[in-house]
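Note sheet for the following structure.
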Amino acid sequence: MVGPQSEREEKVSLELSQEILQNMEIGMVFKDYSGRISSMDIHRTSNYLVTTSEDESIRLYDVSNATCLKTINSKKYGVDLVCFTSHPTTVIYSSKNGWDESLRLLSLHDNKYLRYFKGHHDRVVSLCLCSRNESFISGSLDRTVLLWDQRAEKCQGLLCVQGGPAIAYDDQGLVFAIAFGGYIRMFDARKYEKGPFEIFSVGGDVSNANVVKFSNDGRLVLLTTMDGHIHVLDSFRGTLLSAYNVKPVSSNCTLEASFSPEGMFVISGSGDGRSYAWNVRSGKEVASWMMNSEPSVINWNWISADTE
């Protein structure tokens, strides 16, 4: 037991380097879908991956053995965005049917709805769960950001915005960001009603915000926009550290980018069929991978050391 355990710990503590990144290859391709994948999430403490697709399906995977564990169809409501809760088989997802914009808390284990969250009047374009408690936020084309508690059906707060917002919590759940109109607005999650405590410009890029994300240590924040721009800023000072450009994705897609676990690299999809990785400090491209189709949805996560 000593040998295997030591070996496993060594693998977990292996620091991601540029050389390792350049040697990464596609390990598995799932072809279970009859439509474009619209969203995916990796659970923080388990081996599970969840995806949603334009074929109106939700699929749960075990990434440790590359197995599709379950497929659930949502023909009545449609599916768009999806996020894990703290439980590895419970998710919150948004509808995509044009007549019911409710969010739904769904148990994948027995395919039962646990709660409905009604409040938006147009398509939800951004969804983020707090990693520290039961809170989550949603942003919609109805120009509102709603704050929720998973245990209550009614929203706990409302913020009005000027455009389709991109939203994200930091890892501690103390701050959340709302991006639209060329700016990222920082809010104290405990005093959000007082308005943003910082407003950062992304240098004149006023195209629609797609995704905003914090690095795991909270020191960096990135924003992708519809024009194919990816901005990385210091989340404390608002200083623009680096910017990358890719071919824009299709108009009905979302350009998504993600930090590597330690925040040294950014990976993104693009409209040219490739995924790219850049070094945050140098701003230089360090790797790219050719995909079979336009890779607009990207999620970079890791399996924790206590996960079997």
Side-chain angles (χ1 to χ4, degrees), residues 28 30 32-120 123-140 145-157 167-169 171 173 176 189 254 256 297 299 301-304 306-308:
M28 176 64 67
F30 296 98
D32 309 306
Y33 307 89
S34 58
R36 182 184 64 89
I37 296 174
S38 54
S39 179
M40 66 180 179
D41 192 25
I42 301 173
H43 194 265
R44 293 175 63 88
T45 59
S46 76
N47 296 314
Y48 288 167
L49 162 73
V50 66
T51 66
T52 58
S53 170
E54 288 182 342
D55 63 10
E56 300 177 326
S57 69
I58 302 171
R59 286 180 168 83
L60 180 67
Y61 293 92
D62 186 333
V63 297
S64 64
N65 54 27
T67 303
C68 181
L69 301 176
K70 182 166 290 190
T71 300
I72 294 175
N73 293 310
S74 180
K75 300 296 183 182
K76 181 178 180 181
Y77 303 112
V79 292
D80 195 7
L81 306 178
V82 66
C83 290
F84 275 114
T85 66
S86 59
H87 195 281
T89 59
T90 305
V91 299
I92 295 176
Y93 77 91
S94 63
S95 309
K96 195 177 183 181
N97 54 23
W99 56 270
D100 185 350
E101 306 302 337
S102 301
L103 299 164
R104 290 170 171 80
L105 180 64
L106 173 67
S107 169
L108 300 176
H109 173 69
D110 49 10
N111 191 19
K112 288 186 177 181
Y113 291 113
L114 306 178
R115 192 160 290 114
Y116 297 85
F117 306 99
K118 298 182 179 182
H120 285 300
R123 180 186 166 204
V124 174
V125 293
S126 192
L127 178 66
C128 185
L129 274 65
C130 179
S131 63
R132 300 293 175 171
N133 55 44
E134 302 296 309
S135 302
F136 69 98
I137 49 178
S138 57
S140 167
V145 172
L146 299 184
L147 293 87
W148 306 87
D149 187 311
Q150 294 179 38
R151 299 162 293 189
E153 293 185 353
K154 294 184 178 180
C155 72
Q156 308 298 299
I167 54 179
Y169 275 107
D171 189 63
F176 63 84
T254 297
E256 188 164 359
V297 181
N299 199 319
N301 211 330
W302 74 103
I303 306 301
S304 64
D306 57 357
T307 301
E308 294 295 333

For residues [X] and [Y], determine if any side-chain heavy atom of one lies less than 4.5 Å from a side-chain heavy atom of the other.
X    : Y    : result
E101 : R123 : yes
N133 : Q150 : no
Y48  : Y61  : no
I58  : L108 : yes
L106 : I92  : no

* T51: side-chain hydrogen bond (donor to acceptor under 3.5 Å, both in side chains) partners, not counting sequence neighbours -> Y33

* Asked: Sequence neighbours excluded, which residues qualify as side-chain contact (heavy atoms from CB on, under 4.5 Å) partners of S102?
  -> D100, R104, K118

Could you grab the distance from atom [atom1] of [X] to atom [atom2] of [Y], nearest 0.5 Å is fine?
X   : Y   : atom1 : atom2 : answer
T89 : L69 : OG1   : CG    : 10.5 Å
K96 : D80 : NZ    : CG    : 4.5 Å
L49 : T67 : CG    : OG1   : 12.0 Å
M40 : L81 : CE    : CG    : 13.0 Å

Have [X] and [Y] got a donor and an acceptor in their side chains that come within less than 3.5 Å?
X    : Y    : value
W148 : S135 : no
N97  : S95  : no
S107 : T90  : no

Has [X] got a side-chain atom pairing as donor or acceptor with [Y]'s backbone, closer than 3.5 angstrom?
X   : Y   : answer
R59 : K70 : no
S53 : D55 : yes
S74 : E56 : no
S57 : N73 : no

* Counting heavy atoms not belonging to K154, are there more than 12 under 6.0 Å from its NZ? -> no

* Please state whether the rings of Y93 and Y113 are parallel, tilted or perpendicular, taking 30° and 60° as the class boundaries. => tilted

* So, do Y169 and F136 have ring centers that fall under 6.0 Å from each other? -> no

* Salt-bridge contact R44-D171 (side-chain N to carboxylate O under 4.0 Å) -> yes

* R151 bridged to E134 by N-O distance under 4.0 Å -> no

* Shortest non-hydrogen contact between C128 and A168, atoms and distance -> SG-CA, 3.8 Å

